[in-house]
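Source: prediction; values computed, not measured.
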Amino acid sequence: MLTLDNGVFRKLLLLITYVVALVVVIVKIDVVLDWCSGVLLAFRPIFIGFAIAFILSRPCNFFARLYAKGLGKRGEKLARPLAVVTAYVMLFAVIGVLISLVVPELTRSIQRFVGNMNIYAENLQEVIDFITQRLSLENLAKLNLPDKINDILGDALNQVLDTLTGTVPHLISATSSLVSAVVTTVISFVFSVYMLSGGPKLTAQCRRLVVVYLPESIAKRVLAVVHLTADTFTKYVSGQLIEACILGSLCFIGMVVFRFDYAPLISVIIGVSALIPVAGAYIGAVLAALLLAMISPIKAFWFLVFLAVLQQLEGNLIYPRVVGTSLGLPGIWVLAAVTVGSSLLGFIGLVISVPLTAVVYTILKYDLRQRLPGKELQEVEDPQESGEA
């Protein structure tokens, strides 16, 4: 009679279990995806809190060192809590200043934009009439654009009123969603406070777990990857935020000096779009140019010239000195990361795809240098020169 060794039997049992689990996942993939979505939704406050704590970690560490140096050994225990409080006070102060300065100006700009819709329609109709006269296009002349835009706005207003009337029964659902969002935000901030307060202890505990439960060689690699990832994301997030603030401020100052319209609104658009890698500059420029083109196409043209000069000045002189060097990622990989990340995860993928790709690129480059030292690495990196030699 054939008998199986205990080790072989255990491996066979694990293989059968793996195959059954894989079949179940494939057959019930929709249920598995819904379950994963529910798990991620449950952990959303923790993820948001971690993101807030990660953004505030650098200023918090700075204030902690400052307080520890000023208070001495007696106040060493108070340094971290004071640093956390200072970091949050600074965050809420910045948000409050931005709201008090930007929101009123944005409101006035939007009201002015809506109030001048008829003027914009008439200007656009004049452009169309000019084109039809030059190109002898009779169909465009019959558009009567101002009346059409007024009809479209009237229909849109009526539809909005009908929608508001029909959505009265759904107010309870909207209220519950609002309450859920508020609760999630509060819990996220609570998690971020705990993470910042116990940052060094949490980091030490995680490092201890990795060292104890993983082999030494694997533990070193895991800790190195985690350190590289944290450093890369810190540089990227701080760099993008500083760049957005600088670019938006310089854009506002320049628009005020050159007397462009909608300076606050367009400056906010340019600053926010600067957070988007690669395509952000073009998106902000197009939106701003469209707003100005409704007033005057000549102003829109000169604004694009001003913005191009400003972006060159900020990108080549100010950004490298204030933020530092880039992530070291080639342009083709930045474009690929943004394209794939935005397709898979939307806005979140758009934000995290570039630093994540930079981490993978750095790890692969380091591994390649370890595996192909010396001349072989040079031949791989520059095959044309090695072929000519």
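Taken together through direct or relayed side-chain contacts under 4.5 Å among Ile, Leu, Val, Met, Phe, Trp and Tyr, V309 and V256 form parts of separate hydrophobic clusters. The cluster map of Ile, Leu, Val, Met, Phe, Trp and Tyr, joined by side-chain heavy atoms under 4.5 Å apart, puts L287 and L247 in the same cluster. Side-chain heavy atoms closer than 4.5 Å link hydrophobic residues (I, L, V, M, F, W, Y) into clusters, and following such links, even through other members, never connects Y361 to V359. Under the 4.5 Å side-chain heavy-atom criterion for grouping Ile, Leu, Val, Met, Phe, Trp and Tyr, F191 is connected to V183 within one hydrophobic cluster. Cluster annotation: Y366 and L228 are assigned to distinct hydrophobic clusters (Ile/Leu/Val/Met/Phe/Trp/Tyr, side-chain heavy-atom contacts under 4.5 Å, transitive).
The minimum heavy-atom distance between A230 and F54, with the atom names listed, is O-CZ, 3.6 Å. Among all heavy-atom pairs drawn from A300 and A289, the shortest one is CB-O, 3.6 Å. In this structure, S267 and G248 approach most closely via the heavy-atom pair CB-O, 3.7 Å. For C60 against A83, the heavy-atom pair with the smallest separation is O-CB, 3.4 Å. Heavy-atom minimum distance, A285 versus L307: CB-CD2, 3.6 Å. R80 and A64 make their closest contact through NH1-CB, 4.1 Å (heavy atoms, listed as atom of the first residue, atom of the second, distance).
The closest donor-acceptor contact from the side chain of Y88 to the backbone of V193 lies under 3.5 Å. At least one donor-acceptor pair closer than 3.5 Å links the side chain of S353 to the backbone N or O of A337. A donor-acceptor pair is defined here as one N or O able to donate and one able to accept, closer than 3.5 Å; no such pair exists between the side chain of R208 and the backbone of T203. In this structure a side-chain-to-backbone donor-acceptor pair under 3.5 Å is missing from S192 to A53.
One distance of note links NZ of K299 with CZ of R259; it measures 10.0 Å at 0.5 Å rounding. One distance of note links CD1 of I52 with OG1 of T185; it measures 8.0 Å at 0.5 Å rounding. The distance from the CG atom of L313 to the CG atom of L250 is 7.0 Å, given to the nearest 0.5 Å. The structure places CZ of F252 at 11.5 Å from CD1 of I266, a figure rounded to the nearest 0.5 Å. Rounding to the nearest 0.5 Å gives a distance of 8.5 Å between CG of L310 and CZ of F303. Interatomic distance, R44 CZ to I187 CD1, rounded to the nearest 0.5 Å: 10.5 Å.
If you check the side chains of Y282 and S273, you find no donor sitting under 3.5 Å from an acceptor.
Under the 4.5 Å side-chain criterion, counting only non-hydrogen atoms from C-beta, V85 is not in contact with F63. L356 places none of its side-chain heavy atoms less than 4.5 Å from the side chain of T232.
Partner C251 forms a side chain to side chain contact (heavy atoms under 4.5 Å, CB included) with one of I270, V268, I269 and no other, that one being I270. Each of I16, T17, V23 was evaluated against V20; a single residue qualifies, I16, per the side chain to side chain contact (heavy atoms under 4.5 Å, CB included) test. Just one residue in the list I46, V190, V84 forms a side chain to side chain contact (heavy atoms under 4.5 Å, CB included) with M195, and that residue is I46.
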_Using the rule given for side-chain contact (heavy atoms from CB on, under 4.5 Å), can you reason through T86 versus Y67, listing the C-alpha separation, both sets of side-chain angles and the distance that settles it, and then say yes or no?_
CA-CA 10 Å; T86 306; Y67 286 135; 2.8 Å; yes

*Between F189 and F92, does a ring-ring contact (aromatic ring centres under 6.0 Å, His included) hold up when you go through it step by step?*
CA-CA 12 Å; F189 270 100; F92 290 125; 5.8 Å; yes

*Can N61 and R65 be said to form a side-chain contact (heavy atoms from CB on, under 4.5 Å), step by step?*
CA-CA 6 Å; N61 293 333; R65 291 192 299 267; 3.9 Å; yes

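Ring centroid separation for the pair F306 and F258 comes in under the 6.0 Å cut-off. A ring-centre distance under 6.0 Å is not found for F43 and F50.
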